[in-house]
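Worksheet: one structure, shown below.
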Amino acid sequence: MCAQITMDDLIRRVGELPPMPQVAQRALDLIRDPKSDMADVAKILTMDEAMTSLVLRWANSAYYGLKYPVSTVHQAVTYLGYRTLHSLILAASVASFLERPAPGYALERGELWRHSIAVAAGARLIAADFGQKIAEEAYHAGLLCDIGKLALEILLRNTNTNQPDWQGQPFNELENAHFGIDHAALGAELARRWRLPNTLVDAIANHHHPSQANEGAILAAAVHLADAAAMSLGIGLGKDGLQYSIDPVAVERMNWNDKKFNDLSDRILPFVEEADEFIRIRRMKA
Ligand SMILES: [Fe+2]
């Protein structure tokens, strides 16, 4: 077993990662600020042409069911509302962060991004019965649930996870056993440092065992089930996907069943295709 590593050691390693993109930080500030308005939203979007095009494409996707297509940011705000638009901006702004490869988890460039979008979109659909506010929060939690992998993978890169003592348990439990922390706890710590709401921090911390969640219980359950759906579709499988176990508390809490699971899988894929397209356009313009 590796020596136990403290949170501060890990956060120091997180500090070696590129900082959160400025535009993402501003998007997060905007989400936290209930007084933000159209001008703030427009300002964020004008910082990034690719982001604007993604937000408008997503706004016109089947999920939102708009009667008429929107072609401007103003229309998107009018028809979708700030809350939804914030979610789209957050997703587009963390793309450059999540797009990074995570070789420690055997995730190639773009795979963590695709997985995160799949989980975000799935969690929002699962939480839809609890109202739009919670559904959009579930999207945020899904988008950021695995962000701790970007730090923990540095340790995994130098670890032979093919050894017998790395088999037979859920991967997050193995992370805990070997490093004294898992990617969920590390991601939650990052979210806390980014001053995200406690519900999000709790959901990120407990997305692999939602029965232990508190104020983020609904979000954690939604993310957990969406994570399982994304894994079953082979999106961002990496090293940890094959040992994923579903927490029965999440199934009960979200009134979940096999039919809903299959329907969800079909509805997630268009979001992943859009996410791929976004990265393709971004790379072309880079
Ligand atoms: Fe995870």
Side-chain angles (χ1 to χ4, degrees), residues 4-33 86-87 89-105 107 109-120 123 136-157 171-173 175-176 178-210 212-216 219-220 222-224 226-227 230 236 238-240:
Q4 296 282 299
I5 290 165
T6 66
M7 179 65 84
D8 279 346
D9 286 336
L10 283 161
I11 294 296
R12 260 195 293 281
R13 293 177 187 230
V14 173
E16 292 165 12
L17 293 171
M20 191 81 164
Q22 193 199 1
V23 67
Q25 194 57 59
R26 295 193 52 182
L28 291 170
D29 289 343
L30 209 147
I31 286 166
R32 274 194 300 268
D33 180 3
H86 291 168
S87 295
I89 292 173
L90 179 64
S93 64
V94 293
S96 62
F97 208 62
L98 289 171
E99 197 217 355
R100 293 157 47 91
Y105 284 93
L107 291 170
R109 185 180 172 198
E111 272 296 295
L112 186 58
W113 160 246
R114 298 175 84 242
H115 180 79
S116 301
I117 285 292
V119 177
E136 292 301 332
E137 285 172 357
Y139 185 93
H140 302 160
L143 189 68
L144 299 173
C145 71
D146 277 345
I147 205 140
K149 283 185 176 176
L150 288 174
L152 208 57
E153 75 90 16
I154 296 165
L155 300 182
L156 278 169
R157 245 188 259 179
F171 202 80
N172 59 302
E173 289 177 17
E175 291 168 356
N176 259 316
H178 288 262
F179 302 135
I181 192 166
D182 63 15
H183 69 270
L186 188 52
E189 181 61 22
L190 282 172
R192 196 174 292 122
R193 288 172 190 228
W194 293 335
R195 306 186 315 279
L196 293 180
N198 288 342
T199 47
L200 270 189
V201 173
D202 186 44
I204 292 169
N206 293 299
H207 73 274
H208 286 280
H209 37 77
Q212 295 175 27
N214 296 303
E215 61 263 66
L219 307 184
V223 170
H224 180 69
D227 202 9
K239 273 184 185 171
D240 53 341

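In this structure, A205 and A184 approach most closely via the heavy-atom pair O-CB, 3.5 Å. Here the shortest heavy-atom pairing between L219 and A138 reads CD2-N, 3.6 Å. For the pair I204 and C145, the tightest heavy-atom approach, listed with the atom from each and the gap, is CG2-O, 3.8 Å. In terms of heavy atoms, L150 sits closest to F97 at CD1-O, 3.5 Å. Here the shortest heavy-atom pairing between R192 and V201 reads NH2-CG1, 3.6 Å. Closest approach of L186 and G148 over heavy atoms only: CD2-O, 3.7 Å.
Rounding to the nearest 0.5 Å gives a distance of 5.5 Å between CG of D146 and NE2 of H208. Expressed to the nearest 0.5 Å, how far CG of D182 lies from CZ of F171 amounts to 11.0 Å. We find the CG-CD distance between L200 and E137 to be 6.5 Å, quoted to the nearest 0.5 Å. L156 contributes atom CG, which lies 10.5 Å from atom CG of L107 (distance to the nearest 0.5 angstrom).
With hydrogens and angles ignored, the 3.5 Å screen pairs no side-chain donor or acceptor of H207 with any backbone N or O of A220. Of the possible donor and acceptor atoms, none in the side chain of D202 sits under 3.5 Å from a partner among the backbone N and O of N198. In terms of modelled atom types and a separation under 3.5 Å, the side chain of E153 and the main chain of G104 share a donor-acceptor contact. Although no hydrogens or angles enter the test, the distance criterion places a donor-acceptor pair under 3.5 Å between the side chain of E175 and the main chain of H183.
When side chains are defined from C-beta on, L196 counts as touching L144, because their heavy atoms get closer than 4.5 Å. The side-chain heavy atoms of I181 and E189, taken from C-beta on, include no pair separated by under 4.5 Å.
With E111 as the partner, the side chain to side chain donor-acceptor pair (under 3.5 Å) test is satisfied by one option alone out of R114, H115, R109: R114.
Remark: A120 engages Y139, L143 in a side chain to side chain contact (heavy atoms under 4.5 Å, CB included) (not counting sequence neighbours).
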